Each structure stands twice: as structure tokens, then as C-alpha cells.
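All values reported here derive from a predicted model rather than from experimental measurement.
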Amino acid sequence: MQLSLSPPLAFATLRYSQVQVVFLMVPGVLFCCFLLLLVYLQWHHPKDKRLPPGSMGWPYIGETLKLYAENPNSFFFNRQKRFGDIFKTHILGCPCVMISSPEAARIVLVTRAHLFKPTYPTSKEKMIGPEALFFHQGAYHSRLKKLVQASFLPSAIRGSVSEIEQIVLRFLPSWKNTTINTLQEMKRYAFDVAMISAFGEKQDLEMEGIKHLYQRLEKGYNSMPLDLPGTPFHKAMKARKQLNETLKKLIQKRRQSRRQGGGLLGVLLGDKDDEKLNNQLSDSQIADNIIGVIFAAHDTTASVLTWILKYLHDNEDLLEAVTREQEGIRSKIVEANRGLTWDDTRRMPLTSRVIQETLRTASILSFTFREAVQDVEFEGYFIPKGWKVLPLFRSIHHCADFFPRPEKFDPSRFEVPPKPNTFMPFGNGLHSCPGSELAKLEMLILLHHLTTTYRWQTVGDDDGIQYGPFPVPKCGLPVRVSRRNKSAIL
């Protein structure tokens, strides 16, 4: 039996269908409006002002995927060749201006640094912590910088040589006659050194929990900032919250026991602002800066060490020369029946040049983030307030005008100091990395024991680079480690 609708009911049904269609269209219309707004905000600027040339890519995504998918040398070089030493782009949700000349980099980082505050994308600030040293200027930054620098001055870290050496001596035997993932092993090593620098030699029972939470946090550092259940970013933020709670409990424990302990934590707990009696740093400020130091000391150092092993493996004559230098130091240590000392590490000129050339060639820190604090006229262009400004260290380090045959790994080029503002592996100006001396120290100590005792051979296809975001050899450089035949160079 076929039913028919009366005119009023048919009209009501039609109206209901129209409402459904309209309801279904609303999200699409809103999404389109959102995209149009992003496009407007991304490209809008005063008509009488001239932005640097360049491409902004897709709305929101910009050119982020291209940056992380390509060789960074190609990404920067292609745009520099097309647009010049100053060009605009859009990465990690931020409109950016990239600069690739030493003079422009010095302006941003040193001479006019007050116009360009240090910053990271919002997602990175959330993960590290908004009170971290990296993100501030002015009195708070000056106060923190003094404290952090005090923890990493040569006079402060020279006493850490034996502690770092013990870490090396525990690690290396476990590599013998086995295949290791160099990057992962170097991360383990750099993390243990970072923990000593952050918390001191005598660490609390909470350290293993802190390690575990930080490892969960770092898995989301380079993910897209989508805070949705199941995403790497969401998992990382959950770990960040737990890590913050754990650190605050440790801080309270040390405050109550009146035992400040060693490392950066001890320095931060003992600080009181001279101008305001008993004005201690808050628990949140201390926690953010502890996480910030671990972040800064971990991945970058591990990546540099991975490249050092790659370059020494590929340059056998250089490896043997480094070994001879280290054997000379080793013979004196054995004769005196002692461990490695700070003074020993000051007598490693060739090994130090290998580190310098690795820092230049690999350029782990491809760029640094700054943000215009106001509208800025810069080199004939307009940079709007809030835009990120990125000095491209990688492009400068690979410029043939400053480093002839830049693709060649040649430590001898550092027998003569490089031209000013052309070699900036740790940044420049007030916000340069305060832990650079510690990073070089832990590299020297590891290389001393590694080159004098072991040899390594790459496994599989050793060509290629992976990005995540720091450039490292393909697959983290798998190598087979064995005891060295000492008669080979004696």
C-alpha cells in the first residue's frame, strides 16, 4: 500500500530537509572562512610597506613539510638563490623571515637584539615551559643567565671530568663486539651527562622517573602541534604535566631539607634576588629551566657525536691522527696512574678542530628563532611585529666565501680563526648557548677513550641523511664496534 503525504506534512518534510542541508553546510562554510582568515593574516601587511620576497606555502601548514622532508641545505639554498639573503616563508604555524648573511645575523642577535626577542613556536614553549631562559629578555633573563652561566663556566665544570669519564667507561664496554645505533647510544650518554649537570653527582631516587617522563616528552617535540587524544603531541603534553609535578616534588623536598644539592638545581634553589630580599625563584620557574637545560644539552650533543663518528669513519687518516694525539695523552695518564683531567682536555688541539669542523659541516642547529617585538625596518624590508626571524647558521657555515670547498670535511681550516660572525654553532649574543663548554668537554672525554680503545665499522648502506628535525646520518648510523688493534698505528 502506497502512502502519500498531505500538503502541510509534505511542506514540513521539505523544510526539515532544507534545515538538514543547511546544518551540514555550516561546518564547511566555517572551515572556508577560517582558511580565508588564515590567508588574510598570513599575507596582510600595510600597502606602503614591502615584505621580503618569498613563498608562504599553504595556510597554517606553510612550508613546514618541505623543510623537514628536504635536505635543509637544499631548502635554504634554493630559496636564497631565488629570493636573496633575506626571504619570507611560513613554518610550524608561524610567518617567518629567514636571513643568511653574517652581517644581518649579527644585527638580529647582537646589535639590535632588543628588537628581536628569543622565542620558539608556541608548541615548543608549552613543552619546555614558558619560564625557561630561552623565551625571555630583560631583568628576568639577565638574572637567570648569570645563574646558568655560573653552572657551566670552566671553573664549575672542570670538577665534572671524572664523573663524565665514569659514564664513558660504563658505556663503552657494552658496545664491544656488537652493533649499536650510534644516535640512540649517544642520546643515552648525553642524557646522563645532562642529568649530572642539572641535578649534581649525588642524584635523588626520583631520577629514573624523571628520565622516563622526559623520554616520553621528547617523542612529541617535533610532532605537529595537534593536542588531540592519541597524537604524539597530546602524549607529550601529558608527560610534560607529570614531569612538572615530579620536579616540583623534588624541589620541595630539597627546600624542606635545606639541602640544595649540586648541579643547576642547587644553584637555582640557592639564588635570592639582591634587590628583593628572599625573592626566590618559584618552583615553576626552576622546573621550566631544568627541563630547558636538559632539552638544550641532549639531542644536539648526541647528533654532533653521531656525525663525528661518521666523519672519522670516512676519513681513516684523520682517525689515526686523532688516535695518535689521544695516545700521547693516554701514556702520561697511565704513567701517573690517574684519571683524565681538565688540563688533559686542554691539550687536544686536533680533536678540538674535528669537533669544530663537525659543528660547521653538520650544522645541527640550522637556525634559531627570534620574534620581532615591534614593526621593524630591516635591510630595506618591513618585518611585522610578531613575525619570527631566523638567522640561518647552516647557510652561513656552508658559504664558500667564508669556508672554501664547504662540502669537504677539513678540520685544518680551523687552524686559523674563522672570520667574525661566520661560525656560530652555539648562537651569538646574549642568548648564545651557555652550555657550549660542557658539550665540548663531554665530546673530548668520549673521543679520548673511544679512539684509543675501539674501532667501528658502519653496517648497511651508510649514505643518506634523515631529519627529525636535526640532520643525522641515515638510520642513526648503525655501527659494529670492536676492540682496536693497537699495533696498527704504533
Subject >> Ring centroid separation Phe295 to Tyr214 under 6.0 Å >> reply: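 Aromatic pair excluded; centres sit 6.0 Å or further apart.
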Original post:
So is Arg79 actually on top of Phe75's ring, under 6.0 Å and inside 45° of the axis?
Top reply: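 Pair Arg79/Phe75 counts as cation-pi.
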Subject >> Face-on cation placement of Arg360 at Phe403 ring, 6.0 Å and 45° thresholds >> reply: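 Pair Arg360/Phe403 counts as cation-pi.
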Subject >> Matching residue for His141 among His136, His431, Lys117 - test: side chain to side chain donor-acceptor pair (under 3.5 Å) >> reply: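 Only match with His141 under side chain to side chain donor-acceptor pair (under 3.5 Å): His431.
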Original post:
Would you call the rings of Phe76 and Phe367 parallel, tilted or perpendicular, where under 30° means parallel and over 60° means perpendicular?
Top reply: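 Perpendicular, since the angle between the ring planes exceeds 60°.
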**OP:** Name the orientation class of the two ring planes belonging to Phe423 and His397 (parallel below 30°, tilted from 30 to 60°, perpendicular beyond 60°).
**Re:**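 Ring orientation, 0 to 90° scale: tilted.
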State the [atom1]-[atom2] distance between [X] and [Y], to the nearest 0.5 angstrom.
{"X": "Arg254", "Y": "Leu269", "atom1": "CZ", "atom2": "CG", "value": "7.0 Å"}
{"X": "Asn289", "Y": "Glu131", "atom1": "CG", "atom2": "CD", "value": "8.0 Å"}
{"X": "Thr345", "Y": "Ile164", "atom1": "OG1", "atom2": "CD1", "value": "9.5 Å"}

Charged N to carboxylate O below 4.0 Å: is that the case for [X] and [Y]?
{"X": "Glu245", "Y": "Lys248", "result": "no"}
{"X": "Asp192", "Y": "Lys211", "result": "yes"}
{"X": "Lys187", "Y": "Asp299", "result": "yes"}
{"X": "Glu437", "Y": "Lys440", "result": "yes"}
{"X": "Lys310", "Y": "Asp314", "result": "yes"}
{"X": "Glu371", "Y": "Lys385", "result": "no"}

Original post:
So, does Ser363 use its side chain to make a donor-acceptor pair with the main chain of Ser366 at under 3.5 Å?
Top reply: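 Judged by distance alone, no pair lies under 3.5 Å.
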**OP:** Specify the closest pair of heavy atoms between Arg216 and Ala239, including all atoms of both residues, with the distance to one decimal.
**Re:**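 Taking Arg216 first and Ala239 second, the nearest heavy atoms are CB-CB, 3.8 Å.
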